[in-house]
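Given the structure is predicted, the values throughout are model-derived calculations rather than measurements.
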Amino acid sequence: MLLRMQPDVCGMSGICSCQHVVEADGEVYPCDFFVLDEYKLGNLNLVSYEEINKKRKELRFIEKSSIIHEDCKECRYYAICRGGCRRYRNSKNFFCTAYYEFFDYTIRRLENIATWYSR
């Protein structure tokens, strides 16, 4: 991310990605951290992918993940934290203080590594 590359995992991009978790019984969920009845998208044995994707849109699962705490927008580490994974956000990310301490401690070294790597 310090190299201005897109992160590979949604928890680091600050917004959920479109993925499907399929349980052994065919039940489909939008994320492995949200395998809960309220997020059930359907059952592959009973409904089509179109219906499953329609349910995802109705839940606004991805769109809701883009809502971040106001403090995040002003944080100097927002560009590399992006509010973290949605599952840790009740309002502000549960790990915010820990992230801040970690980046305070490591940011110069991480920037040096990024500079060296980009040569």
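- Contact of the N93 side chain with the H69 side chain is not registered, since no non-hydrogen atoms from C-beta on lie closer than 4.5 Å.
- Other residues, nucleotides and ligands place no more than 12 heavy atoms under 6.0 Å from the CZ atom of F94.
- Counting all heavy atoms, side chain and backbone alike, S65 lies closest to R86 at CB-CD, 3.8 Å.
- More than 12 heavy atoms of other residues, nucleotides or ligands shown are found within 6.0 angstrom of CD on E58.
- Between the SG atom of C75 and the CD1 atom of I68 there is a distance of 9.5 Å, given to the nearest 0.5 Å.
- Scanning both residues, G83 and C72, for their nearest heavy atoms gives CA-SG, 4.3 Å.
- At distances below 3.5 Å, not a single donor-acceptor pair connects side-chain atoms of T106 with backbone N or O atoms of R109.
- Note on Y78: it does not cluster hydrophobically with M5, by side-chain heavy-atom contacts below 4.5 Å among ILVMFWY residues.
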Notebook entry, point to check: Could you go step by step and tell me if T97 and K92 meet the side chain to side chain contact (heavy atoms under 4.5 Å, CB included) rule?
Noted result: CA-CA 10 Å; T97 302; K92 199 175 196 178; over 6 Å; no
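- No salt bridge links R87 with D32; every basic N to acidic carboxylate O contact stays at or beyond 4.0 Å.
- Residues I107 and F102 fall within the same hydrophobic cluster, defined by Ile, Leu, Val, Met, Phe, Trp and Tyr side chains chained together at heavy-atom separations under 4.5 Å.
- Salt-bridge formation is not detected for the pair K54/E51: no Lys NZ or Arg NE/NH1/NH2 atom is positioned less than 4.0 Å from an Asp or Glu carboxylate oxygen.
- Counting all heavy atoms, side chain and backbone alike, C81 lies closest to Y99 at SG-CD1, 3.5 Å.
- In this structure, the side chain of R89 engages the main chain of G84 through a donor-acceptor pair within 3.5 Å.
- Counting all heavy atoms, side chain and backbone alike, K40 lies closest to E27 at CD-OE1, 3.0 Å.
- Looking at C18 and F61, their side chains never come closer than 4.5 Å, going by heavy atoms from C-beta outward.
- Atom CG of D37 sits in a sparse spot, with 12 or fewer heavy atoms from other residues, nucleotides or ligands closer than 6.0 Å.
- Across all their heavy atoms, L3 and S118 have their closest contact at CD2-CB, 3.8 Å.
- Within the 4.5 Å cutoff, side-chain heavy atoms of I52 are placed close to those of V47.
- Residues F34 and Y29 keep their aromatic ring centres 6.0 Å or farther apart.
- If you take OG on S13 and CG on D8, they are separated by 10.0 Å, rounding to the nearest 0.5 Å.
- No single ILVMFWY cluster, assembled from side-chain heavy atoms under 4.5 Å apart, contains both Y105 and F95.
- Atom CE of M12 has 12 or fewer heavy atoms from other residues, nucleotides or ligands within 6.0 Å.
- C10 is listed as a side-chain neighbour of Q19, based on a closest heavy-atom distance under 4.5 Å.
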Note to self: If you apply the rule side chain to side chain contact (heavy atoms under 4.5 Å, CB included), what do you find for N43 with V28, and how did you get there?
What the structure shows: CA-CA 6 Å; N43 187 302; V28 181; over 6 Å; no
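- More than 12 heavy atoms of other residues, nucleotides or ligands sit less than 6.0 Å from atom CG of D25.
- Not one N or O on the side chain of R60 forms a donor-acceptor pair closer than 3.5 Å with the backbone of R56.
- Looking only at atom types and distance, the side chain of N53 has a donor-acceptor partner in the side chain of H20 under 3.5 Å away.
- Under a hydrophobic clustering in which Ile, Leu, Val, Met, Phe, Trp and Tyr are joined whenever their side-chain heavy atoms come within less than 4.5 Å, directly or via other members, L46 and V35 fall into different clusters.
- Taken together through direct or relayed side-chain contacts under 4.5 Å among Ile, Leu, Val, Met, Phe, Trp and Tyr, I80 and Y117 form parts of separate hydrophobic clusters.
- If you look at F103 and Y77, their ring centroids are closer than 6.0 Å.
- M1 is listed as a side-chain neighbour of R82, based on a closest heavy-atom distance under 4.5 Å.
- Using a 4.5 Å cut-off on side-chain heavy atoms (C-beta onward), V21 and P30 make no contact.
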